Number of protein chains: 2
Amino acid sequence: MKRPTIADIARRAGVSKGAVSYALNGQPGVSEATRQRIVAIAQEIGFNPNSAARALSGASARAVGLTLSRPARILSIEPFFMGLISGFEAELAARSYALTLQVVATPEQEIDVYRRWWGERRIDGVIVTDLREDDVRIPVLQQLQLPAVVIGGPGDTGKIAQVWSDDAGAITETVRYLVALGHRRIARVGGLPDLLHTQTRTRAFNDVCTALGLNEAVTMPSDYTGEEGGRATRRLLIGADRPTAIIYDNDVMAVAGLAVAQEMGLAVPGDLSIVAWDDSPLCSLVHPPLTALSRDIAEYGAHAARELLAAIDGKQVNNVEAGTAHLTPRGSTAPPR
Amino acid sequence: MKRPTIADIARRAGVSKGAVSYALNGQPGVSEATRQRIVAIAQEIGFNPNSAARALSGASARAVGLTLSRPARILSIEPFFMGLISGFEAELAARSYALTLQVVATPEQEIDVYRRWWGERRIDGVIVTDLREDDVRIPVLQQLQLPAVVIGGPGDTGKIAQVWSDDAGAITETVRYLVALGHRRIARVGGLPDLLHTQTRTRAFNDVCTALGLNEAVTMPSDYTGEEGGRATRRLLIGADRPTAIIYDNDVMAVAGLAVAQEMGLAVPGDLSIVAWDDSPLCSLVHPPLTALSRDIAEYGAHAARELLAAIDGKQVNNVEAGTAHLTPRGSTAPPR
DNA sequence: GAAATTTACTGAACCGGATAAGTTGTGGAG
DNA sequence: CTCCACAACTTATCCGGTTCAGTAAATTTC
């Protein structure tokens, strides 16, 4: 089936291609009567402008790119990214931008994808997640002058906009809450250590523990997987002065930690309190339901999408903080026995 | 930064645009020496063909579309879709096709998205999930002559290819296994009732229960969410002759069911055996780990992607079955007390 | 009422590739 | 030595929009 073009509309309306273009784009240069006639014909024959032709004649591709850089076995379970994608989408769809997705294995491959997408003019901008220290992707994005928004910071990204949430504030609140419950030995199972927001959390965790006079702030590095989270938990719990509370950097590890505690015969929250970072249905599903640091991930994604669209439109964008996660107490936290 | 075009390469190589196009696409019409010179220049200046220009001159858009039609709160936790996406991607990336994603709320909106994508020539084909009975999307796809592959069947989709897995065989195997363990009262918490694969499962479940002489095959309809799965479980367990085993149509509901059983003071697997459909890290994370119907979801997605690419290439594709899920016994199933 | 301006268009160039058709130059057959 | 076939290009056109430079008619201005 031949898809209709503006030439078809022009023929039926008895005007030139140019007039049709003006009419459909709300440009001046056609009378209101003609415009309505053209729009009606376009509607009737189900016209959609060929995105390739549009992109070729200088306009934008009306698409943005996102790479997912974690291995499939983590992605498949990590609710965070799906929430983020939903949030982007809501914002992008409203301005009829498409979202192009690619799964990558390494930062180098990710850079290649950006290079290719930009070179092909397939996208107008990208959303970058998991900012690292001295991130190799940043200079490439700057060199390409590819509009971008970075999620996870704050860090040094030059003129590239950032969207982040106040992780330091959230972890401080959490530790204070646990201390108020009576906990003195609080440990943490962290995310990937080279991610900037993991470092932010670790630093804030150490600071607040010192400030409150707690002995030592142990952070077990991990990788967001359930297996690693479980292993880290086991290592924390076999010591003589085991912690009475553990904060996990994501929900998956927290659920795994809960399973390990139960397997070792520890009561939750009686013997061990558990806090998950990033609330998700997962946290309410398990028994006991997990106390979690909630934030609106979809809104976080929507925020990033808005910033990116602004950057694409050439507006100068600044680093924005998109709200602090707040503690949602559930059944997994209580005073230690 | 101006992105290089074939005209730039042509100038530097001292040949015409046409020669560059032939050289880069492996077409005959240039000598091997010239071809290598051109390829070297393209490499050096980091040339990527403008996808819009390419798509405009008759070639394909080198992109396929996927809509996600469940509400965000389910998508965010359902590991199935992420696994599927990973699988597509592996296959698409290998042939440098892009994946365009859109979250939709209703089948009607989904149809609109297909119409727009196809009209805009943004994509070459789509992957359709969650086939229903008399699915409204199928006639639209046929009318548009939009290459497509349907996941979840088998059903009547005319010439549109389908990829499905043998759900009937899997559920039969599961029921036989539970009966072999000594269970006589087996219930099921199903997925959305209007999905075709849910109906296939329900029918097979009823059939095998009848064949094995079990009293009644109760299927509680649900919607894949943890909340609904938990509610359905509670309803099943409050009866006098409560089931000793429950099969869940996805992992999220199974985890929720486990929590409900524990909350009601029932031992798993002592008082209640649990089987989850679709294995995921989630199933191994909880305590006890859940017996699950495992299948390689990523491979399932890769299979669908291959079929779609074949359909785009104009090859006649047939309905293919992509393997049966097999039972992975873990700690959540045992003989009833 | 003639000149100046505005309105409502048309025609053509352009974006960056793909490709059909035309143009050389070379080597081999006859 | 000529003719032909073929390789190795060049030239020109096309894809479907956007946009700029024209143009004729209508309207305003003094």
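Every value quoted in this text rests on a predicted model; they were computed, and no experiment measured them. Proteins come first, then strands; the chains are lettered A, B, ... in the order of their sequence lines, and each starts at number 1.
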Q: Grab the CD1-C1' distance between I6(B) and dC14(C) for me, whole Å please.
A: 15 Å

Q. Starting at the 5' end of DNA chain D, which residue's closest nucleotide do you reach first, A53(B) or A19(B)?
A. A19(B)

Q) Taking atom types as modelled and ignoring hydrogens, do the side chains of R295(B) and S165(B) form a donor-acceptor contact shorter than 3.5 angstrom? A) yes

Q: Could you name each residue pair satisfying side chain to side chain donor-acceptor pair (under 3.5 Å) that touches residues 4-20 of chain A, not counting sequence neighbours?
A: D8(A)-R11(A), R12(A)-E44(A)

Q. In residues 26-44 of chain B, which residues come under 4.0 Å of DNA chain C by heavy atom?
A. none

Q: Can you tell me the distance, in whole Å, between the CG atom of L56(A) and the P atom of dC14(C)?
A: 14 Å

Q: Report the distance from atom CG of N50(A) to atom P of dG17(C), rounded to the nearest whole Å.
A: 16 Å

Q. Which residues satisfy the side-chain hydrogen bond (donor to acceptor under 3.5 Å, both in side chains) test with E321(B), sequence neighbours excluded?
A. none

Q.
Roughly what angle, to 10°, lies between the helix axis at the start of the helix from dG1(C)-dC30(D) to dG30(C)-dC1(D) and the one at its end, five pairs per end?
A. 50°

Q) Taking everything shown except E32(B) itself, do over 12 heavy atoms lie less than 6.0 Å from its CD? A) yes

Q: Find out whether I138(B) and V150(B) are in side-chain contact, i.e. whether some heavy atom of one side chain is under 4.5 Å from a heavy atom of the other.
A: yes

Q. Listed by chain and number, what are the side-chain hydrogen bond (donor to acceptor under 3.5 Å, both in side chains) partners of S31(A), not counting sequence neighbours?
A. T34(A)

Q. CG of N25(B) versus C1' of dT19(C): gap in Å, rounded?
A. 11 Å

Q) Taking atom P of dG17(C) as reference, at what distance in whole Å does atom CD of E120(A) sit? A) 11 Å

(Q) With no hydrogens and no angle check, just 3.5 Å: does a side-chain donor-acceptor pair link T67(A) and Q102(A)? (A) no

Q. Can you name the closest pair of heavy atoms from S57(A) and A53(A) and give their distance?
A. OG-O, 2.9 Å

Restricting both atoms to N or O, compile the protein contacts to nucleotides 12-14 of chain D shorter than 3.5 Å, with distance only.
none

Q) For T5(B), which contact category applies under a 4.0 Å heavy-atom criterion: base, sugar-phosphate, or nothing? A) sugar-phosphate

Q. Expressed in angstrom and rounded to an integer, what is the separation of I9(A) atom CD1 from dG16(D) atom P?
A. 12 Å

Q) What about Y22(B), does its side chain sit under 3.5 Å from the base of dA7(D) through a donor-acceptor pair? A) no

Q: Take atom CZ of R121(B) and atom C1' of dC15(D), then tell me their distance rounded to the nearest Å.
A: 9 Å

Q: Round to a whole Å and report the spacing from CZ of R54(B) to P of dA18(C).
A: 5 Å

Q.
Any base atoms under 4.0 Å from V20(B), or only sugar-phosphate, or nothing? Heavy atoms, all strands.
A. nothing

